[in-house]
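The structure under discussion appears below in the form of structure tokens.
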Amino acid sequence: MRIDTNILGAVRMPDAGADGPPATSRRYGRGDYATAYRDFVALSTVADEVGFDTFWYTEHHFQHEGYEVVPNQILLGLYCAAVTKRISFGQMFNIVPQWNPLRLAEDFAAADVLTGGRMRFGVGRGTVPREMQTLGARIESGDNAMDAAAEQANRERFAEAMAAIRLAFGQDRFAHHGKHFAFPPEGIPDRGGFVSGLTLVPNVTREVEIYQACTSPRTMDYVAEHGHIGVYTRQSPRRLAEAWQKHAELTGEHGRPTEVGEEQMLVLHVNVAPTHEEAVALARPGHDELAKLLAPYGRFATYDPPEGMDATPFDYAPTLEESMRQRIYLVGDFDEVAGQLAGYRELLGLRRLSVSMDALGLTPQQHQDQLRMFAAEVAPRLGIEMSGDGQRTLEAAA
């Protein structure tokens, strides 16, 4: 089982929690964002030193509220790769409809070449109208009453952009002409002739695994068809087991039989401490701040229904205790968290895990300590040794 870590990418937020200001009223300045970037780089060096395989960022734009302040994960990952030794850097996720697909492919390929293959390519359809529409795309959202036309336009543009990206990565010379994109456009004069094909320069020198957020049955089918790694989060073990089994069945229906866990990745919120009580105290402000931010957008509707309800409300805002009960947040002492992760590994055939340990409100030192404690105390209880040289099973080490 490979163990990664990922971050929301927020500014320092000491007043995070249920009693803090409303999410929409937060305002931060240029100095806060600059400090956050120094924190991100320092955190990546700790993740490298203690043995995480990959450090994943998140793409968002124009968030003066301070929650997600990384607009270009490839650029940040490239810099962090230059100041670390071996850890990979991934994008969770590049919001493809906001990009010219060939610029995205070029940027990733250049970073992958410069880092010697230390980049992981993640893609998603997006979530926030503020950034999507500003950058020329559309998305369904709680802010636009889940506009079905925007959802369909987003899916079309995403699928066509991904077709062009896979083509550009896979062929030395390519052309794509579809509903939304023409690469190259017709009639471009060039050296006495016309452009009929393009070459991505530079291009990747290895096969690129593509990771994609898997949030709906339609997306799951698309991911299974194209052999992307489906990334799952905020679902109970029961729902995950059902989804991963269905995912594996779909790969077979598309002519690519796989085992459960072979083409899936799990993202879990994790907070650890020497005692259960300390871990809960660390996790609560960040959990409650995130619930306050994301509940209006339906981001917790994937939870099992609350007691006494047949369905989970769209704007459901769970308590930390409910998130822990459903094992969507793993919070506790080292034995507790390791035991719950071992259960996931057995249930799902888990091969790829990313632990999100950057609870809003933690200081940079507390976040770094979370990574260190996980590597030193939790991973060995799972039979995995993490170090600056990477990861290996304790059996192999012996």
Side-chain angles (χ1 to χ4, degrees), residues 59-61 71-78 89-115 117 119-127 129 131-140 149-214 218-219 221-231 254 256:
E59 178 189 344
H60 283 287
H61 302 260
N72 192 316
Q73 306 161 87
I74 295 172
L75 184 63
L76 180 57
L78 177 62
F89 291 91
Q91 305 98 49
M92 194 183 282
F93 301 91
N94 294 304
I95 306 305
V96 174
Q98 297 174 175
W99 286 76
N100 177 297
L102 295 190
R103 291 302 302 270
L104 177 57
E106 282 180 338
D107 283 5
F108 179 85
D112 200 56
V113 168
L114 287 168
T115 61
M119 304 296 284
R120 296 192 184 275
F121 191 55
V123 298
R125 295 195 302 112
T127 57
E131 61 188 57
M132 295 291 285
Q133 291 180 218
T134 300
L135 296 173
R138 299 172 67 191
I139 189 67
E140 77 279 19
E151 195 266 354
Q152 183 58 32
N154 177 282
R155 285 186 181 276
E156 284 184 4
R157 189 176 181 91
F158 173 86
E160 190 177 329
M162 287 307 305
I165 290 170
R166 288 191 298 266
L167 199 62
F169 281 160
Q171 297 186 8
D172 289 337
R173 185 175 175 83
F174 68 93
H176 168 89
H177 294 88
K179 178 178 178 180
H180 299 283
F181 303 104
F183 300 133
E186 297 288 346
I188 299 177
D190 185 59
R191 296 170 175 84
F194 293 92
V195 180
S196 60
L198 298 169
T199 298
L200 199 68
V201 179
N203 206 345
V204 294
T205 58
R206 63 188 178 94
E207 185 175 351
V208 176
E209 271 190 336
I210 299 175
Y211 292 73
Q212 182 174 344
C214 223
R218 287 182 66 185
T219 299
D221 185 67
Y222 172 87
V223 167
E225 178 183 2
H226 293 285
H228 298 178
I229 305 300
V231 181
H254 287 293
R256 301 184 316 94

**Prompt:** Less than 4.5 Å apart, any side-chain heavy atom of R173 and any of S196?
**Reply:** yes
**Prompt:** Would you say the side-chain atoms of E131 pair up with the backbone N or O of H60, donor to acceptor, closer than 3.5 Å?
**Reply:** no
**Message:** List the residues meeting salt bridge (Lys or Arg N to Asp or Glu O under 4.0 Å) with R155, not counting sequence neighbours, and say none if there are none.
**Reply:** E151
**Item:** Short side-chain to backbone donor-acceptor contact, D112 and M119, under 3.5 Å
**Value:** yes
**Item:** Backbone of A137 reached by a side-chain donor or acceptor of N154 within 3.5 Å
**Value:** no
**Exercise: identify the closest heavy-atom pair between N72 and W99** = ND2-CH2, 4.0 Å
**Complete:** OH of Y211 to CD of Q91, rounded to nearest 0.5 Å, is 11.0 Å
**Complete:** CZ of F121 to CE of M92, rounded to nearest 0.5 Å, is 14.0 Å
**Item:** F108 and L200: CA distance, side-chain angles, deciding distance, side-chain contact (heavy atoms from CB on, under 4.5 Å) verdict
**Value:** CA-CA 11 Å; F108 179 85; L200 199 68; over 6 Å; no
**Prompt:** Is R120 reaching over with its side chain to a backbone N or O of E209, donor-acceptor style, under 3.5 angstrom?
**Reply:** no
**Request:** Find the distance between NE2 (H180) and CD (E156) and round it off to the nearest 0.5 Å.
**Result:** 4.5 Å
**Prompt:** Checking Q98 side chain against L135 main chain: does a donor-acceptor pair fall under 3.5 Å?
**Reply:** no
**Fill in**
When rounded to the nearest 0.5 Å, the distance separating OG1 of T219 from CZ of F158 is 7.5 Å
**Message:** Set out, in order, the CA-CA distance, both residues' side-chain angles and the distance that settles side-chain contact (heavy atoms from CB on, under 4.5 Å) for H176 and R166, then state yes or no.
**Reply:** CA-CA 11 Å; H176 168 89; R166 288 191 298 266; over 6 Å; no
**Message:** So which atom in G124 and which in P97 form the shortest heavy-atom distance, rounded to 0.1 Å?
**Reply:** O-CD, 3.7 Å
**Request:** For the pair Y222 and H228, evaluate side-chain contact (heavy atoms from CB on, under 4.5 Å) and give the outcome as yes or no after the intermediate values.
**Result:** CA-CA 9 Å; Y222 172 87; H228 298 178; 3.8 Å; yes
**Asked** Is it true that atom CZ of R206 has more than 12 heavy atoms of other residues, nucleotides or ligands lying nearer than 6.0 Å?
**Response** yes
**Request:** Measure the spacing between CG of N94 and CD of Q212 and express it to the nearest 0.5 Å.
**Result:** 11.5 Å
**Complete:** All heavy atoms of V96 vs all of A161, minimum pair found to be CG1-CB, 3.5 Å
**Request:** Find the distance between CZ (F89) and CD (Q73) and round it off to the nearest 0.5 Å.
**Result:** 12.5 Å
**Fill in**
On a heavy-atom basis, the closest approach of P202 and A109 is O-CB, 3.4 Å
**Request:** Might you work through the side-chain contact (heavy atoms from CB on, under 4.5 Å) test for L102 and L198, ending with a clear yes or no?
**Result:** CA-CA 10 Å; L102 295 190; L198 298 169; 4.0 Å; yes
**Prompt:** Tell me, do E207 and F169 make a side-chain contact under 4.5 Å, heavy atoms counted?
**Reply:** no
**Asked** With side chains defined as the heavy atoms from C-beta onward, is the minimum distance between T127 and I139 less than 4.5 Å?
**Response** no
**Asked** In terms of heavy-atom contacts, does CG of D172 have more than 12 from other residues, nucleotides or ligands at under 6.0 Å?
**Response** no
**Heavy-atom pair of closest approach, residues V223 and R256** = O-NH2, 4.3 Å
**Message:** Quick check against the 3.5 Å criterion: does H177 have a side-chain atom that pairs as donor or acceptor with the backbone of P184?
**Reply:** yes
**Complete:** Shortest non-hydrogen pair, N203 vs A168, comes out as ND2-O, 2.8 Å
